[in-house]
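Report on one structure; see the data block that follows.
A, B, ... follow the sequence lines: proteins, then strands. Residue 1 opens every chain.
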Amino acid sequence: MKRNVLVTGAWPYANYLLHIGHLVALLPGDVIARYYRMNGDNVVYVSGSDTHGTPITERAKKEGKTPAEIAMYYHNEDVKSLEKAGFSYDMYTSTESDYHKEKVMKYFKEMYDNGNIYEKEEEQDYCPKCNKFLSDREIIGTCPHCGGEAKGDQCDSCLASLESNELLNRRCSTCGSTPELRKNKHLYLELSKFQKDIENLIKERESIWRKNALNESKKFLSMGLIDRAATRQLDWGIKIPVDGYEDKRIYVWIEAVLGYITTCERVLEERGESFKDFITDPNLISYYSIGKDNIPFHTIIFPAILKAIGENMSLPTHIISCEFMNMSDEKMSKSKGNLITINDIVDKFGKDTVRYFMIANGPEKKDTNFSENDLIMAHNKFLVGGLGNFINRNVSFINKKFDGVVSEGIVNSDIIKLTKDTYSEVAKLIEAGELRAALDKVFDYVSEANKFYDNSTPWIQVKEDMDAFNNTTYTCMYMIANLSNLLRPFIPDTTDRMKALLGIEENGWNEVTLSGDIKLNDIGLLFERIDVK
RNA sequence: CGCGGGAUAGAGCAGCCUGGUAGCUCGUUGGGCUCAUAACCCAAAGGUCAUUGGUUCAAAUCCAUUUCCCGCAACCA
């Protein structure tokens, strides 16, 4: 039976080019989506650019542009990068799309009408000269602990976490004037109400979610969930569908995660399918491919929002939360300039090499260090020496001696069993989000293929026993055909070429059988060896 | 006691959730093969799985302890 599967990737913030950190966080989603599609399930795979919030407005101000210009520039760049890396989103949109904005306002209104969003009036710092309310971050002053210069949320000198009213000699960070208190009202999401619901969710997902997702979520729950502001003093973002909030916008943390839902709805609408049936399906399987810094938004806030909307939407079943990929033990950072963009690395090494490496060596369970040398080693060993070599040694032989025609033979029965087992084991691993182990499994199969070739010694068989030779090569073709499926979620371009070699079309997640003689098409080398400098 | 992650062969890492012969890649040594991109296959050497204690018939794996290493303003997966 067809399963409903929602796969999502975290929404990148549209103020910088995507880098390999984004890649390792988002790629698992693509592999999972491709796998389920091959399996014949009903897949919706979505993401988009997160375009609102203060960092973009600040950047725009600095560069003399509008926030929309900044956001759309990076959104377009990100679309190109993702395409380049082979992402197969059913839709990659942005939080600036009218569809998203409209739906978010609808959901916001529902939460408000349900009484899960409430108004709170409080005194807030106001800068009389800049004519605006100041957030904690926009207030500077002297740290009460160390006497150093500090911002309102944290002291840069001693790292103490602060409340902005603890600061001495408080000033507006823009103009330096002394802020005064004025009454201001904001809307709050009553997160505290959902403590029990989230606790139950975590308990149910104990054996499914990754360890980092569970630990991080439990930490927040043990501290007790606190209500969060849902509105912000800002003019860039989604308008508040409540009277008296014309000067404010919906806080990004609430609307960005709702993008999963709004975009899912849009995809299904375009397909002419029912969104409601899909999203309330109690058996819906959902994957959220994210980085570890994004965990609480997906395991706590997002489920709480879904509960608060109250339409009985399915809560996340799988959190694919990766660790960080560092550069020589340092966190990648824009200011340090030690980033590698997706564009650069794909241009340099090719889409599939990068995809292979990022899954096989990515930070699935703990931080890893990126090393170009490791990437080259892995490329040469597994893609050239393993997969590429297996195909090339067969093809060269057949081309040389038999003019590119493989005669029908009998496929080795041990290999058939191994093949079927590999399909089911890899499927299980991918569904569990264990992509590294899944890919390892497939490459074990590649290794078995080379062993089979060596042990069969076709170069001797060809002289002594043509039946045996034909059985060997036919078995090899069978393995190539099945590898073109098994590897398809990971390295789709390469598997297309493998299929072209054999002239096969099937793309399902199940054993491919061959019949009759096969005329090989010329596809050249799958991968070229890279020399280490 | 701020929070979190880590410590496994010369290097880089997997295994730990769901205890039961210690595995992969590179490197080293020896052999095989010649179909193949100095590719492929086989074998060997190399580890008291950081420390100490506990649970268990059994611990790299679970619990606790100690030591050492790394990350934790903003941008940011």
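- Going from atom CE of Met325(A) over to atom P of G71(B) covers 17 Å, rounded to whole Å.
- With P as the reference atom, A22(B) and A44(B) are 15 Å apart, rounded to whole Å.
- Backbone-only engagement by Ile290(A) is indicated by non-hydrogen atom pairs under 4.0 Å involving sugar-phosphate atoms exclusively.
- Taking every side-chain heavy atom of Met377(A) into account, C26(B) is the closest of C26(B), C40(B), C76(B).
- Distance noted for atom P between C62(B) and A7(B): 11 Å (whole Å).
- Pair assignment for G10(B) gives C26(B), based on Watson-Crick or G-U wobble hydrogen-bonding distances that are each under 3.5 Å.
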Report all interatomic pairs (protein N or O, nucleotide N or O of nucleotides 16-22 of chain B) with separations under 3.5 Å.
none

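- One P atom belongs to C24(B), the other to U65(B), and the distance between them is 35 Å to the nearest Å.
- Distance check on atom C1': A43(B) versus A59(B) gives 31 Å, rounded to whole Å.
- Ring pair His75(A)/Tyr92(A) is parallel by interplanar angle, where below 30° counts as parallel and above 60° as perpendicular.
- To the nearest angstrom, P of A77(B) lies 11 Å from NE2 of His298(A).
- Contacts between residues 460-474 of chain A and RNA chain B, defined by a heavy-atom separation below 4.0 Å, involve no residue at all.
- Side-chain contact between Thr51(A) and Tyr74(A) is absent, with no heavy-atom pair separated by less than 4.5 Å.
- Comparing Gly291(A) and Asn392(A) by the nucleotide of RNA chain B whose heavy atom lies nearest to each, the residue mapping closer to the 5' end is Asn392(A).
- Among the heavy atoms of the strands, none lies under 4.0 Å from Phe390(A).
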Assess whether ring-ring contact (aromatic ring centres under 6.0 Å, His included) is satisfied between Phe443(A) and Phe490(A), documenting all intermediate values. CA-CA 12 Å; Phe443(A) 272 83; Phe490(A) 302 96; 8.6 Å; no
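- Ring centroids of Phe397(A) and Tyr453(A) are separated by 6.0 Å or more, keeping the two rings apart.
- Nearest nucleotide to the side chain of Ser396(A), out of C76(B), C13(B), A36(B): A36(B).
- One finds the CG atom of Asn294(A) at 13.0 Å from the CH2 atom of Trp11(A) (value rounded to the nearest 0.5 Å).
- Evaluated for a side-chain contact (heavy atoms from CB on, under 4.5 Å) with Trp209(A), the options Ile320(A), Ile295(A), Ile319(A) yield exactly one hit, Ile319(A).
- The listed nucleotides are A77(B), C13(B), U34(B); the one nearest the side chain of Trp459(A) is U34(B).
- Comparing the same atom, P, in U25(B) and in C68(B) gives a spacing of 36 Å after rounding to whole Å.
- Set against A14(B), A77(B), A39(B), the side chain of Arg529(A) has A39(B) as its closest nucleotide.
- Atom CZ in Phe357(A) sits roughly 12 Å away from atom P in A14(B) (whole-Å rounding).
- Here G12(B) is the nucleotide among A36(B), C26(B), G12(B) with the atom lying nearest to any side-chain atom of Asp374(A).
- In a base pair of the Watson-Crick type (N1 to N3 plus N6-O4 or O6-N4) or a G-U wobble (N1-O2 and O6-N3), with each distance short of 3.5 Å, C62(B) is matched with G54(B).
- Atom C1' of G2(B) sits at a distance of 35 Å from the matching atom of A11(B), rounded to the whole Å.
- Rounded to whole Å, atom P of A77(B) lies 13 Å from atom CG of Leu23(A).
- Ring-plane geometry between Tyr89(A) and Phe87(A) is classed as parallel, the angle between the planes falling under 30 degrees on a 0 to 90 degree scale with a further cut at 60.
- Glu69(A) and Arg59(A) are not joined by a salt bridge, as no carboxylate oxygen comes within less than 4.0 angstrom of a charged side-chain nitrogen.
- Taking the centre of each ring, Phe349(A) and Phe357(A) stay at or above the 6.0 Å mark.
- Spacing between atom CG of Leu520(A) and atom P of C35(B) amounts to 18 Å, rounded to whole angstrom units.
- Mapping Ala378(A) and Pro458(A) onto RNA chain B via the closest heavy atom, the residue that lands nearer the 5' end is Ala378(A).
- Pairing for C72(B) is with G2(B), a Watson-Crick or G-U wobble pair whose two hydrogen-bonding atom distances lie under 3.5 Å.
- If you check every strand for non-hydrogen atoms under 4.0 Å, Glu323(A) touches a base.
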Quiz: residues 380-390 of chain A side-chain donor-acceptor pairs under 3.5 angstrom, not counting sequence neighbours:
{"residue": "Asn380(A)", "atom": "OD1", "partner": "Ile530(A)", "partner atom": "N", "Å": "2.9"}
{"residue": "Asn380(A)", "atom": "ND2", "partner": "Ile530(A)", "partner atom": "O", "Å": "2.7"}

Protein-nucleotides 41-43 of chain B N/O pairs under 3.5 Å:
{"residue": "C41(B)", "atom": "O4'", "partner": "Asp454(A)", "partner atom": "OD2", "Å": "2.9"}

For ring-ring contact (aromatic ring centres under 6.0 Å, His included), just list the numbers for Phe402(A) and Phe469(A), CA-CA rounded to whole Å, side-chain angles, deciding distance to a tenth of an Å, and then say yes or no. CA-CA 12 Å; Phe402(A) 299 96; Phe469(A) 174 81; 5.4 Å; yes
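- Not counting sequence neighbours, Asp440(A) has no partner by the side-chain contact (heavy atoms from CB on, under 4.5 Å) test.
- Inspection of the Arg232(A) and Thr54(A) side chains reveals an N or O donor paired with an N or O acceptor under 3.5 Å.
- Here A36(B) sits opposite no nucleotide as a Watson-Crick or G-U wobble pair (both hydrogen-bonding atom distances under 3.5 Å).
- The same atom, C1', is picked in G15(B) and in C57(B); the two are 23 Å apart, to the nearest Å.
- Counting heavy atoms of neighbouring residues, nucleotides and ligands inside a 6.0 Å radius, atom NZ of Lys441(A) does not exceed 12 of them.
- Here the two rings, on His19(A) and Phe370(A), have centers that are 6.0 Å apart or farther.
- Leu82(A) has its CG atom 12 Å from the P atom of A77(B), to the nearest Å.
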Using atom names, set out every protein N or O paired with an N or O of nucleotides 1-3 of chain B below 3.5 Å, distance rounded to 0.1 Å.
{"residue": "C3(B)", "atom": "O2'", "partner": "Lys219(A)", "partner atom": "NZ", "Å": "3.4"}

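- Residue Lys441(A) contributes atom NZ, which lies 14 Å from atom P of G15(B) at whole-angstrom precision.
- Comparing atom distances between the Pro55(A) side chain and each of C75(B), A36(B), A77(B) picks out C75(B) as nearest.
- Salt bridge status for Asp493(A) with Arg355(A): absent, with no side-chain N to carboxylate O gap under 4.0 Å.
- When each of A36(B), A77(B), U25(B) is scored by its nearest atom to the side-chain atoms of Phe382(A), the top-ranked nucleotide is U25(B).
- The shortest side-chain heavy-atom distance between Asp517(A) and Lys519(A) does not fall under the 4.5 Å cut-off.
- Computed from coordinates, the Glu63(A) CD to C75(B) P distance equals 16 Å when rounded to whole Å.
- Residue contacts for Arg436(A): at a heavy-atom cut-off of 4.0 Å it reaches the sugar-phosphate backbone alone, with no base atom in range.
- Nucleotides C63(B) and G19(B) have their C1' atoms positioned 13 Å apart, rounded to a whole Å.
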